[in-house]
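The structure under discussion appears below in the form of structure tokens.
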Number of protein chains: 2
Amino acid sequence: MLVNKKIISRFSQYRKALIRFQELGLIKVFSDSLGEAVGVTSAQVRKDFSLYGISGNKRGGYQIQDLLDELQSILGKDKVHDVVVVGIGNLGQALIHYGGFEKENIHIIAGFDIDPAKLSKSSRIPVYHLDELNTFVCQNNIEIGILAVPDAAAQHVCDIMVESDIKGILNFAPIGLKAPADVVINNVYLQAELENVIYFVNALENKCKRCKKQ
Amino acid sequence: MLVNKKIISRFSQYRKALIRFQELGLIKVFSDSLGEAVGVTSAQVRKDFSLYGISGNKRGGYQIQDLLDELQSILGKDKVHDVVVVGIGNLGQALIHYGGFEKENIHIIAGFDIDPAKLSKSSRIPVYHLDELNTFVCQNNIEIGILAVPDAAAQHVCDIMVESDIKGILNFAPIGLKAPADVVINNVYLQAELENVIYFVNALENKCKRCKKQ
DNA sequence: TAGATTGTTAATCGATTAACAATC
DNA sequence: TAGATTGTTAATCGATTAACAATC
């Protein structure tokens with residue numbers, strides 16, 4: 001796969017950095033400075049862009065606005081994407097209350113749960129019963145769903161989402177979900193990310209201790 | 001780097017899957033079934049284990065309990081890790097209210113913010129002013145912090161955390177944080193993860209359209 | 001024993017980087 | 001022009017996988 005997850009992640013980060021540059025009043029960047037802002041080499045930046053046919057000016061760097069236009073279109077930021085959140089626990093709640101996605105053209109338009117206490121059809125972002133997911137997705141042409149239910153329910157709820165014809169799932173349950181090949185699944189395992197930090201902090205400490213002993 | 005982020009992430013996932021297997025009453029697994037549960041090849045599983053000197057029985061697979069013991073110790077699950085959350089917005093709040101980390105020996109013991117409205121010293125998990133971070137970290141021997149502040153504040157707050165002698169940061173701001181080499185930083189960019197799903201859903205759709213045209 | 005699974009080596013695959021010619 | 005930066009190729013690096021001998 002020539003175009004992979006990582007390059008698209010970097011595009012998201014380039015975009016964020018370019019917006020910050022623009023806010024500072026800058027007009028153009030070099031692969032060098034953009035790479036530094038994101039934490040990658042300048043070669044990486046140029047390679048990424050050239051893969052997508054994005055070109056700058058030899059000696060003159062890249063026009064920030066041009067880059068942004070290209071990245072917007074690659075990342076689909078030129079149109080609104082409606083998203084639903086399934087599972088209104090702590091994380092699901094945080095996501096539907098977080099206002100930051102709005103201005104990024106990602107609109108979270110509804111939540112779903114099975115707990116009657118969580119339902120509220122009249123909130124700014126309504127929360128419906130999971131039974132209504134199918135109809136809602138169909139009527140509103142939803143393609144993307146965020147899955148934030150307890151581990152034990154994850155595969156089952158995933159099946160329901162797929163059944164409803166959701167085409168992409170951002171999954172927070174630490175489970176290797178099974179789904180048809182035409183459904184995109186992207187996993188974020190928060191506990192694993194935290195354990196990663198813990199592991200490397202310990203690893204580094206042990207290395208230091210060993211160094212001191214010598 | 002022979003031991004990288006990815007292998008440790010897989011260890012976290014193996015562990016979760018093994019716990020599920022154990023709950024089902026299973027005593028041993030094969031690299032095959034464990035790989036399937038996590039979504040990797042059996043070769044990957046055996047390679048990962050052999051890198052850490054974890055061995056099974058030829059023909060007999062691996063004892064789940066033995067594996068768990070090894071993974072617990074690699075991931076540092078045999079002792080409690082205290083963690084603080086800096087930035088009590090939607091995400092920070094979700095993290096300190098999420099109870100699931102407790103039984104995983106990851107204890108979130110305090111939050112920090114600068115907004116007076118967010119402070120509450122008497123909650124189950126108290127939220128203090130950022131000014132108190134230094135003292136708190138020192139007194140409680142904190143090594144790990146979760147950074148969940150607005151983008152614009154991220155680098156500044158990161159500096160404060162490093163200053164307080166925090167050694168590992170799980171960062172949610174889409175910024176390539178600058179920190180000394182002995183500070184471990186692990187980035188989770190939720191918006192980028194969502195944009196990833198959006199990108200690949202679109203990419204797949206376009207491919208299908210093209211297929212149908214032919 | 002025959003069959004199945006591990007552990008490991010070697011091959012493959014893919015992503016990153018170094019380097020430099022092209023050129024503004 | 002001289003100098004700096006792009007765009008791209010080739011080299012490197014690292015991670016994954018295939019394959020199979022060892023062996024329970």
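Below, read A as the first sequence line, B as the second, and so on, with proteins coming before strands; counting in each chain starts at 1. Hydrogens, waters and symmetry mates are skipped; everything else that's a heavy atom, side chains included, is used.
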Run through A:Val149, A:Ile146, A:Leu147, A:Asn187 and flag the one making a side chain to side chain contact (heavy atoms under 4.5 Å, CB included) with A:Phe172.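 Filter result, single survivor: A:Ile146.
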If the test is side chain to side chain contact (heavy atoms under 4.5 Å, CB included), which one of A:Ile74, A:Asp48, A:Asp66 qualifies with A:Ile54?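 Exactly one pass, corresponding to A:Ile74.
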Name the nucleic acid region contacted by A:Ser42, choosing base, sugar-phosphate or nothing; use a 4.0 angstrom heavy-atom cut-off, strictly under.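 Nothing, no heavy atom under 4.0 Å.
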With a 4.0 Å cut-off on heavy atoms, is B:Tyr62 in touch with a base, just the backbone sugar-phosphate, or nothing at all?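 Sugar-phosphate contact only - B:Tyr62 comes under 4.0 Å of backbone atoms but never of a base.
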If we only count heavy atoms from C-beta on, is the B:Asp82 to B:Asn140 side-chain gap below 4.5 Å?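 They are not in side-chain contact.
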With a 4.5 Å cut-off on side-chain heavy atoms, are A:Val197 and B:His81 touching?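 They are not in side-chain contact.
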OP1 or OP2 of D:dA15 versus the side-chain N and O atoms of B:Arg10: is any pair under 4.0 Å?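 So the side-chain polar atoms of B:Arg10 never come under 4.0 Å of the phosphate oxygens OP1 or OP2 of D:dA15.
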Think A:Gln44 has a side-chain N or O under 4.0 angstrom from the OP1 or OP2 of C:dT17?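 Result: yes.
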In whole angstroms, how far is the [atom2] atom of [N] from the [atom1] atom of [X]?
X	N	atom1	atom2	value
B:Gln63	C:dT5	CD	P	15 Å
A:Asp32	C:dT17	CG	C1'	14 Å
B:Asp48	C:dG7	CG	C1'	13 Å
A:Lys6	D:dG14	NZ	C1'	10 Å
A:Asn4	D:dT16	CG	P	13 Å
B:Leu34	C:dT5	CG	P	14 Å
A:Lys5	D:dA15	NZ	P	17 Å
B:Leu67	C:dT6	CG	C1'	13 Å

Test salt bridge (charged side-chain N to carboxylate O under 4.0 Å, His left out) on A:Glu70 and A:Arg15; report intermediate values, then the result. CA-CA 10 Å; A:Glu70 298 272 12; A:Arg15 184 172 159 278; over 6 Å; no
Enter the distance from B:Leu133:CG to B:Cys138:SG here, rounded to the nearest 0.5 Å.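 Rounded to the nearest 0.5 Å, the CG-SG separation comes out at 10.5 Å.
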Pairing string of DNA chain C (Watson-Crick or G-U wobble, both atom distances under 3.5 Å; | = paired to other strand) is ..||||||||||||||||||||||
For the rings on B:Phe11 and A:Tyr199, is their centre-to-centre separation under 6.0 Å?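 No, ring centres 6.0 Å or more apart.
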A:Gln155 side chain to A:Lys178 backbone, donor-acceptor under 3.5 Å: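 Judged by distance alone, yes, a pair lies under 3.5 Å.
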Contact state string [nucleotides 18-24 of chain D, B base, S sugar-phosphate only, - no protein heavy atom under 4.0 Å]: BB--BSB
So if I apply the ring-ring contact (aromatic ring centres under 6.0 Å, His included) rule between A:Tyr14 and each of A:Tyr62, A:Tyr52, A:Phe49, which one comes out positive?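 Of the listed options, the one satisfying the test is A:Phe49.
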